[in-house]
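Note sheet for the following structure.
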Amino acid sequence: MIGSRTRDQLEFFVCGSLRELVPDDHILARVDPVLDLGWLRAEVADLYAPGVGRPGIAPEAAVRLMLAGFLLGVVHDRRLMREAQVNLAIRWFAGFGLNERLPDHSSLTRIRQRWGAERFRRIFERTVQDCVTAGIAKGEIVHVDASLIRADVSWDSLVVRHVEAVRSANDDAKLEAEAIRHTRNSKKTGKFKKVCPTDLDATMATNGRNRRLEPSYKQHGVVDDVFGVVLEVEVTTGETNEGEELLARLDAAEKTTGVKIETVTADAGYAYAKIYGGLERREIAAIIPAKTEPIRSPVPMRRFRYDAKHDVLKCPRGKKLKAGRAVKHGRFFTSRARDCRRCDLAHLCLSKGRVNKAVVLGDDYPALLRARRRREKWSDEDRDLYQRHRWRSEGYHGEAKTWHGLARAVRRGLQNMRIQAFLTAAAVNLKRLAAALNAGLAAVLAVAGKFCAILVQLQPEIGRVRTQA
């Protein structure tokens, strides 16, 4: 017999909690037991005037709404609140009943503006500390990587920087110097480089030489080796070199976890002398493949020998080069003209029109040399650790972009982008913590089941012993 059902659902009331209608394996149901926001009200209390105006949205409810959106991949406020109108799981997770009016989407915008990015960073840091307390994040071995995030601007809004027009219309010395600095003819730099007037914090960047420049932000992440917990995250403009942020991000991760980092892995994009030197000073082992020296001259730099103890650089023929003026991140070393005049390599070593050799040596050049020698002696453990870097660190960026809406900025401005990154990382950490909790409960239940089975098997023996006693 074919069944039938009418669609007139005229329930007078619904008895019970909305939690009973949410499946146990739903992402919000799994995350709820590990999410603790009881401290949040005191954290933001100074931003509200007590006894003045109408009551605002409860801080915990607002953050739960935002986190629900990032956990479900619904990152736009308008779409999130439309989904919350009909989604029982979101209503239950944020603490709103079926007959309660949900806040307007603009309220979430005002909350972000009032709280600022640093308070959302605090929310993220609390998830890191909870993961460390639970034992799923050690903080001793970490993986570092950066990823570009497309800004929320259209191609039609991009304009070309007209340096020549600015220079001719303004006589200010500072602008004149800036214009001269940008008058190179490269289409990726200088006066031909495009800018976005609708989001000035986003800068043109690309992640490949064969790809076009796009207005972007750059996220820098530090991921733990054990369960892939995100220990630190920060957002800069797209043009920022990732090497400039690595040491600061490691220091921030140590401050959050309270654990000394012992080993860090990163790709060849971080293989700079200043990085190796900074890690050595922090006593951190670097699993970073050092780049081979580019050969731009018949007499390459690797044929010069540097004596760090006496601060002397020697050319291939054993002549000393004297340390000279300092430049950014290094110093000039120059040879004597009379030494080069009698050298048989002068026609290969010297540039046209020069009578002596001049090279720039980085401040941490000895650390770079040690890293190159160490790369040739990597152990199997080092290679395995570097392989884990690819699916730990790069895997986090892929997960955040694919499932949590980080492939593109939701709002404009660096501070809004930072808030988006903090909430995304917090959502990922809550997923990791919930998965570890569920796995722990499953293991406990499995052990308890085996113990009960043993008791059942021993029951006859136990009864016989009692009878004899």
Side-chain angles (χ1 to χ4, degrees), residues 142-146 220 222 239-251 261-340 343-346 348-352 354-379 382-383 385-386 389:
V142 299
H143 308 277
V144 182
D145 200 7
H220 309 265
V222 179
E239 286 183 334
T240 303
N241 186 286
E242 50 263 33
E244 298 178 2
E245 289 289 324
L246 182 139
L247 298 177
R249 301 283 64 80
L250 294 180
D251 294 340
I261 295 177
E262 298 178 358
T263 305
V264 59
T265 73
D267 56 33
Y270 295 86
Y272 297 102
K274 61 180 180 180
I275 297 297
Y276 292 118
L279 293 176
E280 285 185 355
R281 288 187 287 272
R282 289 166 172 78
E283 298 181 350
I284 299 176
I287 308 299
I288 304 175
K291 298 178 183 178
T292 58
E293 180 191 348
I295 300 177
R296 300 191 181 100
S297 170
V299 185
M301 185 62 195
R302 64 170 178 240
R303 297 190 60 182
F304 289 75
R305 295 292 180 262
Y306 178 66
D307 183 0
K309 182 177 180 180
H310 301 93
D311 193 25
V312 172
L313 184 68
K314 292 183 179 180
C315 73
R317 291 295 181 256
K319 300 300 182 180
K320 295 181 179 180
L321 280 73
K322 182 180 179 182
R325 63 184 180 89
V327 295
K328 186 177 181 181
H329 304 307
R331 290 173 300 162
F332 263 105
F333 281 77
T334 55
S335 64
R336 293 181 297 184
R338 65 184 182 186
D339 291 336
C340 293
C343 180
D344 59 329
L345 294 177
L348 298 174
C349 187
L350 299 182
S351 301
K352 185 177 181 180
R354 289 196 61 89
V355 296
N356 65 339
K357 183 69 174 179
V359 297
V360 177
L361 213 61
D363 293 331
D364 293 300
Y365 185 69
L368 177 62
L369 296 179
R370 287 190 290 269
R372 287 174 177 169
R373 292 192 292 267
R374 193 183 307 119
R375 174 66 180 90
E376 299 174 355
K377 301 177 182 179
W378 273 11
S379 63
D382 294 337
R383 293 188 180 89
L385 190 59
Y386 185 67
H389 160 82

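By convention here, the first residue in the shown sequence is residue 1. Every heavy atom of this structure was used, including side-chain atoms; hydrogens, water molecules and symmetry mates were not.
For Asp363, the salt bridge (charged side-chain N to carboxylate O under 4.0 Å, His left out) test picks out no residue, with sequence neighbours left out. Under the ring pair (Phe, Tyr, Trp, His ring centres under 6.0 Å) criterion, Tyr386 pairs with Trp378, His389, not counting sequence neighbours. Residues passing the side chain to side chain donor-acceptor pair (under 3.5 Å) test with Arg303: none are found, sequence neighbours excluded. With sequence neighbours excluded, the residues that form a side-chain contact (heavy atoms from CB on, under 4.5 Å) with Ser379 are Glu381, Asp382. Partners of Leu385 by side-chain contact (heavy atoms from CB on, under 4.5 Å), not counting sequence neighbours, listed by chain and number: Ile141, His143, Asp225, Thr263, Thr265, Ile287, Arg388. For Cys315, the side-chain contact (heavy atoms from CB on, under 4.5 Å) partners two or more places apart in sequence, or in a different chain, are Phe304, Arg317, Lys319, Leu321. For Arg354, the side chain to side chain donor-acceptor pair (under 3.5 Å) partners are Asn356, not counting sequence neighbours. Partners of Asp339 by side chain to side chain donor-acceptor pair (under 3.5 Å), not counting sequence neighbours, listed by chain and number: Arg336. For Tyr306, the side chain to side chain donor-acceptor pair (under 3.5 Å) partners at least two apart in sequence or on another chain are Asp311. Listed by chain and number, the residues in a side-chain contact (heavy atoms from CB on, under 4.5 Å) with Lys314 are Val312, Lys320 (sequence neighbours excluded).
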Distance-only donor-acceptor pairs under 3.5 Å for side chains of residues 276-285, two or more places apart:
from: Tyr276; atom 1: OH; to: Ile288; atom 2: O; distance (Å): 2.9
from: Tyr276; atom 1: OH; to: Ala290; atom 2: N; distance (Å): 3.4
from: Glu280; atom 1: OE1; to: Arg370; atom 2: NH2; distance (Å): 2.8
from: Glu280; atom 1: OE2; to: Arg370; atom 2: NE; distance (Å): 3.1
from: Arg281; atom 1: NH1; to: Asp364; atom 2: OD1; distance (Å): 3.0
from: Arg282; atom 1: NE; to: Asp251; atom 2: OD1; distance (Å): 3.0
from: Arg282; atom 1: NH1; to: Gly278; atom 2: O; distance (Å): 3.2
from: Arg282; atom 1: NH2; to: Asp251; atom 2: OD2; distance (Å): 3.0

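Nearest approach of Cys340 to Ala346, heavy atoms of both residues: O-CB, 3.3 Å. For the residue pair Arg375 and Pro289, the shortest heavy atom distance occurs at NE-CB, 3.6 Å. Nearest heavy atom pair, residue Ala273 against residue Ala367, reads O-CB, 4.4 Å.
Rounded to the nearest 0.5 angstrom, Tyr272 OH and Glu242 CD are separated by 6.5 Å. With values rounded to the nearest 0.5 angstrom, Ile275 atom CD1 is found 8.5 Å from Tyr270 atom OH. In this structure, the separation between CG on Asp145 and NE2 on His220 is 10.5 Å, given to the nearest 0.5 Å.
No side-chain heavy atom of Val144 sits less than 4.5 Å from a side-chain heavy atom of Arg249.
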